[in-house]
S.K.: 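This structure is in structure tokens; I'll ask about it shortly.
Chain identifiers are assigned alphabetically (A, B, ...) following the order of the sequence lines, protein sequences preceding nucleic acid strands; residue numbering begins at 1 within each chain.
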2 protein chains.
Amino acid sequence: MTVFTAATATGRKRRGEGHTRRDEILHAAKELFLEQGYDSTTIRKIADRVGISAPALYLYFRDKEALMLALCDQTFGHLIEAIDEIERTVAEPLERVRRFGEAYASFGLTHPDEYRLIFMGAHIPESLRKIGHRMPTDDPTRPGVGGALVFSRLVAILNQVEASGVKLRYPADTCAELCWMGIHGVVAAMIMKPDFPWSNRDLLIEGMLDIVAKGIVREG
Amino acid sequence: MTVFTAATATGRKRRGEGHTRRDEILHAAKELFLEQGYDSTTIRKIADRVGISAPALYLYFRDKEALMLALCDQTFGHLIEAIDEIERTVAEPLERVRRFGEAYASFGLTHPDEYRLIFMGAHIPESLRKIGHRMPTDDPTRPGVGGALVFSRLVAILNQVEASGVKLRYPADTCAELCWMGIHGVVAAMIMKPDFPWSNRDLLIEGMLDIVAKGIVREG
DNA sequence: CAGATAGCTTAACGGCGATAAGTTATCAAC
DNA sequence: GTTGATAACTTATCGCCGTTAAGCTATCTG
């Protein structure tokens, strides 16, 4: 008779301990995801690693997409924390924009698979690609909104920039979009073509941040 | 007894007419691709539309990826032509950069599925995602190099800018990469989130081109 | 007319995400 | 302690997918 708790025992979970199984699934999925990428991370492989049957996963996640989005939201928490830290320690709004960009790029290049899933549509289900579909950005309980959450933080920072008296070349939301698109372009390119002989990766990140920061403020 | 030629007859092709079947496959694949996107464009559906069995496709294409890349190369020809036209009619190098950006964005938003396939990794096979993989950009006969071809044209234009006496803030290749990354960020974002309430799509494109054009030249 | 072979077929393999239906262990209530 | 509800999980299966193997047939060449 073992003395292991339900969380570590290899067999069936006790009643009410299902959430520990859910965590085990997420843990195994993350390992496989990092080892083998999205396409190769199959429901069956995850189930095998956890030590349960494949259909058992569907007790904890509606489908594969929900599982993956739950994974991403977990990872995106780290970026949100980094942004919190910036807002806590950096006062100057324009400097916040730059620090945001650096944290964003660093995160994307450190978590390329999650980044692809959220920002590069590695998985986009057909249902979301239909014309007229509304992004569920207003429901923070839905999994997979990590990206929208991050973006909304940038919008807030750009509003702070404007409120601080800096004259912007474009409306604040347009500036936020331009900032995001610029740094996203850098990150997406490096993730997409990791072996392309980019001239200078650090310079590309800093250069894009310079260009964007300079480009959104009205000169004079 | 019909008088249709081999190209329009419904039955088996005559000897030596296989290439017409190949064209029919590409045509059907393109239709399906535009109607239903990448994932839903299956080998079996393409074969059905052409009126042949699924394995028959493998007489003309090594695998699904090769078929899709052949499709994309065909479409990318239009962008290459647009760039040719710009180089033919626009003399000022910096103006060429801007016109390139406009043509590029216009193309991407007009052909979002092909753009995703080539520049956003909607298909990236696992074999290409391994660390250390070299991009086969130097083999123009390989299908799927449309993207690299387009990028190399931008690099050439930036070299022209530098040769024309304009002082650049960064090396010419870095500037080309920054230009591409900026406009790619805009296009990728709009393709990825087509229903996001972007503040002003035209302004985003023009704004990014302004920002980049201004950002890569040394002031003074 | 007799091969040769381009063009195509049917059948099948191993994999995928997902569902249906049944089984078993656990717990609360009596 | 027995019972009944049910959480946790299983086996079997479905309908797809890309792809391959093996064979057939119409057409062309000599």
S.K.: Can you tell me how far C1' of C:dG7 sits from CD1 of B:I25, to the nearest Å?
M.R.: 11 Å

S.K.: Tell me if the centroids of the rings in B:F151 and B:F119 come within less than 6.0 Å of each other.
M.R.: no

S.K.: Rounded to whole Å, how long is the line connecting atom CG of A:L57 with atom P of D:dA7?
M.R.: 19 Å

S.K.: Taking side-chain hydrogen bond (donor to acceptor under 3.5 Å, both in side chains) as the definition, give me every residue that meets it alongside B:K30, ordered by chain and number, with sequence neighbours left out.
M.R.: B:T75

S.K.: Calculate the interatomic distance between A:F61 atom CZ and C:dT19 atom P; express it in whole Å.
M.R.: 16 Å

S.K.: With a 3.5 Å cut-off and sequence neighbours excluded, list the donor-acceptor pairs that the side chains of residues 99-111 of chain B form with protein atoms.
M.R.:
from, atom 1, to, atom 2, distance (Å)
B:Y104, OH, B:Y115, OH, 2.7
B:Y104, OH, B:W180, NE1, 2.8
B:T110, OG1, B:S106, O, 2.4

S.K.: Taking the six-membered ring of A:Y58 as reference, does the NZ or CZ atom of A:K64 fall below 6.0 Å from its centre and within a 45° cone about the axis?
M.R.: no

S.K.: For nucleotides 24-30 of chain D, print each protein N/O atom paired with a nucleotide N/O atom at under 3.5 Å, atom names and distance only.
M.R.:
from, atom 1, to, atom 2, distance (Å)
D:dT25, O2, B:R12, NH1, 2.9
D:dT27, O2, B:R15, NE, 3.0
D:dT27, O2, B:R15, NH2, 2.8
D:dC28, OP1, B:R14, NE, 3.4

S.K.: Any side-chain N or O of B:Y60 under 4.0 Å from OP1/OP2 of C:dC8?
M.R.: yes

S.K.: Below 3.5 Å, can you tabulate the donor-acceptor pairs from side chains in residues 44-56 of chain B to any protein atom, sequence neighbours excluded?
M.R.:
from, atom 1, to, atom 2, distance (Å)
B:K45, NZ, B:Q36, OE1, 2.9
B:K45, NZ, B:S40, O, 3.1
B:R49, NH1, B:E31, OE1, 2.9
B:R49, NH1, B:E35, OE2, 3.0
B:R49, NH2, B:E35, OE1, 3.2

S.K.: Using a 4.0 Å heavy-atom cut-off across all strands, classify A:L59 as base, sugar-phosphate, or nothing.
M.R.: base

S.K.: Between A:E206 and A:R98, is a salt bridge (Lys or Arg N to Asp or Glu O under 4.0 Å) present by the stated rule, with each step listed?
M.R.: CA-CA 9 Å; A:E206 293 304 316; A:R98 163 171 285 276; 2.5 Å; yes

S.K.: Can you tell me how far P of D:dG18 sits from OH of B:Y38, to the nearest Å?
M.R.: 8 Å

S.K.: If the threshold is 4.0 Å, N to carboxylate O, is there a salt bridge linking A:K13 and A:E24?
M.R.: yes

S.K.: Just how far, in rounded Å, is C1' of D:dC17 from CD of B:Q36?
M.R.: 15 Å

S.K.: For nucleotides 12-16 of chain C, print each protein N/O atom paired with a nucleotide N/O atom at under 3.5 Å, atom names and distance only.
M.R.:
from, atom 1, to, atom 2, distance (Å)
C:dC16, OP1, A:T42, OG1, 3.3

S.K.: Which residues pass the side-chain hydrogen bond (donor to acceptor under 3.5 Å, both in side chains) test with A:T174, not counting sequence neighbours?
M.R.: B:S199

S.K.: Rounded off to whole Å, could you give me the CD1-to-P distance for the B:I52 and C:dG7 pair?
M.R.: 12 Å

S.K.: Side chains of B:N159 and B:D173: does their closest heavy-atom pair fall under 4.5 Å?
M.R.: no

S.K.: May I ask you to verify if any side-chain N or O of A:R21 is less than 4.0 angstrom from the OP1 or OP2 atom of D:dC9?
M.R.: yes

S.K.: Go through C:dA18, D:dT10, C:dT9 for me and flag the one nearest to the B:S53 side chain.
M.R.: C:dT9

S.K.: Give the rounded distance in Å between these two atoms: CG of A:D63 and P of C:dT19.
M.R.: 8 Å

S.K.: Just how far, in rounded Å, is P of D:dT11 from CG of A:D48?
M.R.: 12 Å

